[in-house]
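Atom set for the values below is all heavy atoms of this structure, side chains included, hydrogens, waters and symmetry mates excluded. Naming: A, B, ... by sequence-line order, numbering from 1 per chain.
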Number of protein chains: 2
Amino acid sequence: MSALPDTASPLYEKVKDYILSNIGTGKWSKDSKLPSENEFVAALGVSRMTVHRALRELTSAGFLIRLQGVGTFIAPPKPQSTLIEINNIAAEIVARGNRHRSEVLVLEKITPTKELSLSFEFAKRAAIYHSVVVNFENDLPVQLEERFVNPILIPDYDKQDFSKTATYDYLMQRTPVTEVEHIISAVPADAEKARHLAIDVGACCLLLHRRTWTGAVVATISKLTYVGSRYSLGSRYSPSRKT
Amino acid sequence: MSALPDTASPLYEKVKDYILSNIGTGKWSKDSKLPSENEFVAALGVSRMTVHRALRELTSAGFLIRLQGVGTFIAPPKPQSTLIEINNIAAEIVARGNRHRSEVLVLEKITPTKELSLSFEFAKRAAIYHSVVVNFENDLPVQLEERFVNPILIPDYDKQDFSKTATYDYLMQRTPVTEVEHIISAVPADAEKARHLAIDVGACCLLLHRRTWTGAVVATISKLTYVGSRYSLGSRYSPSRKT
DNA sequence: ACGCGGGAAAAGTATATACATGTATGTATA
DNA sequence: TATACATACATGTATATACTTTTCCCGCGT
């Protein structure tokens with residue numbers, strides 16, 4: 001006899017459903033721990049690997065928390081946070097019905113500073129690509145993008161024509177991003193930025209600092225400077241019921 | 001000998017990294033299919049179950065597409081946008097190990113301007129709550145938050161003590177947010193903001209404009225002004241495949 | 001030329017087994 | 001009493017094996 005439903009779905013899915021519905025009905029309280037894998041094995045008559053897979057998937061979906069050596073617990077409700085979406089600037093400008101153009105100021109291979117090498121999590125000081133591009137909306141400069149790119153992942157970055165293809169598009173198609181770090185701050189423009197963006201020194205700019213990873217490897221580091229008076233980052237987002 | 005890295009991480013993670021980085025370097029073209037599970041077994045010297053787990057997790061993360069009986073393929077590039085997470089400022093300050101304190105400057109019921117009423121999508125000019133709070137990190141003002149709150153959804157907003165409970169916490173617990181709109185820009189401080197935040201007039205500030213909906217009803221409108229030199233918004237995010 | 005059948009190949013699932021790793025707890029010893 | 005060790009138990013990982021399900025493709029017969 002088994003407590004599992006008699007459907008066509010695979011066994012580990014039935015186990016997941018069984019556990020989820022019993023969480024829903026409060027069979028196991030929020031504080032006490034769930035049965036151990038071996039107890040599930042005895043109760044449901046399936047192998048431990050199958051129970052383990054069900055529990056692992058429920059854990060990665062955010063329903064459970066498992067502590068090795070301790071047990072399995074019901075996860076507390078999700079932390080309160082809101083998400084904001086950041087889009088490709090070229091696509092945004094075009095979507096607004098405006099003209100987008102970019103000017104490549106720098107595209108080179110450099111030896112990174114010690115600090116930059118550290119940001120790339122390099123053990124040794126290895127060469128990296130460096131690009132500086134200004135993005136225009138209707139011939140008005142709105143963003144200065146400085147990128148550092150890991151040549152291990154994108155070996156031919158310096159051979160591209162980024163006045164035609166946006167750097168962002170090129171990178172996204174080249175390498176899968178597994179993790180992103182963002183830091184947004186507001187800074188006054190220094191002399192160089194002021195010159196390239198045609199604004200006064202000290203004018204307010206939005207600085208978006210971004211690091212992307214592919215697996216354990218840092219793929220790119222970007223510093224995107226938006227002219228505060230001409231550009232803002234916007235998004236409308238529906239938080240979905242995802243884990 | 002093996003092509004896998006010699007780290008402490010579990011084997012299936014090494015296999016995942018191996019596959020991800022080879023997708024990154026273009027070893028397998030976007031159209032052709034990846035090696036079969038058995039080919040990975042032969043090439044890497046691990047069991048088929050381990051390869052299978054690595055491939056299954058990369059598939060559920062959206063990097064691969066697998067067809068039973070056919071093979072494994074690289075998934076088409078993800079929608080080109082990245083998400084950034086914005087957290088509760090009080091929680092962030094505490095998480096950094098610093099002291100958080102807030103000072104309530106205004107907490108009142110007002111008749112909105114025509115423009116504000118429009119932002120709330122009100123048909124008629126109805127009264128709304130208005131609050132202005134300064135948030136301190138170690139007694140240094142870092143954020144000025146001005147909020148407008150819909151009294152239909154949160155009827156007792158003006159009776160709260162927001163020097164104890166953060167407005168954000170209170171609102172989040174009161175009403176579910178189904179949609180959020182964000183606009184981030186960089187602006188110079190005007191005289192009032194400069195006074196409340198103890199900065200010079202014209203100093204760079206990060207302005208986060210937020211509207212939240214509960215169903216079809218606008219719940220809150222917030223203008224959060226961060227002192228650029230003292231605070232930045234940061235997040236690290238693992239994109240998961242949605243839809 | 002066309003269709004059909006069967007085999008090969010690929011991913012999907014399930015199990016038994018073994019060992020690794022982390023945690024709590026009880027007991028013996030200083 | 002307090003510390004150290006042994007032990008039991010929990011989850012985590014890895015493998016070998018077997019079987020299922022789906023698809024593709026080749027060859028055979030008409």
Validation row: R56(A), R53(B) side chains within 4.5 angstrom (heavy atoms): yes
Check this for me, if you would: do K16(B) and E57(B) make a salt bridge, where the nitrogen-to-carboxylate-oxygen distance has to be below 4.0 angstrom? yes
The reported gap from CD1 in I184(A) to CG in L224(A) (rounded to nearest 0.5 angstrom) is 10.0 Å
In whole angstrom, give the distance that lies between atom CG of N38(A) and atom P of dA8(D). 15 Å
Mind checking which nucleotides bracket the chain A contacts on DNA chain C, 5' to 3', with an atom under 4.0 Å from a heavy atom? dT13(C) to dT23(C)
How are the rings of Y157(A) and F162(A) set relative to one another: parallel (under 30°), tilted (30 to 60°) or perpendicular (over 60°)? tilted
Would you call K33(B) and E39(B) a salt bridge, taking side-chain N to carboxylate O under 4.0 Å as the test? no
Can you tell me the base-pairing partner of dA30(C)? Count Watson-Crick or G-U wobble geometry only, both distances below 3.5 Å, and say none if there is no partner. dT1(D)
Residue mapping more 5' on DNA chain D - nearest nucleotide basis, V46(B) or P35(A): P35(A)
Base, sugar-phosphate, or nothing: which does L67(B) touch, judged by heavy atoms less than 4.0 Å apart? sugar-phosphate
Result for side chain to side chain contact (heavy atoms under 4.5 Å, CB included) between I221(B) and one of H209(B), E181(B), R210(B) points to H209(B)
Nearest nucleotide by nearest heavy atom, which residue falls closer to the 5' end of DNA chain C, E13(A) or R48(A)? E13(A)
Scan side-chain atoms only and decide if Y231(B) and E92(B) contain a donor-acceptor pair under the 3.5 Å cut-off. yes
For T50(A) and E37(B), take the nucleotide of DNA chain C holding the closest heavy atom to each; which residue's nucleotide lies nearer the 5' end? E37(B)
Going by the rule ring-ring contact (aromatic ring centres under 6.0 Å, His included), which residues pair with Y12(A) if we only count those two or more places apart in sequence or in a different chain? none
Please produce a list of atom pairs where a protein N or O lies less than 3.5 Å from an N or O of nucleotides 20-23 of chain D.
{"from": "dT21(D)", "atom 1": "O2", "to": "Q68(B)", "atom 2": "OE1", "distance (Å)": "2.4"}

Please work out if R56(B) contacts a base, only the sugar-phosphate, or nothing of the nucleic acid, heavy-atom cut-off 4.0 Å. nothing
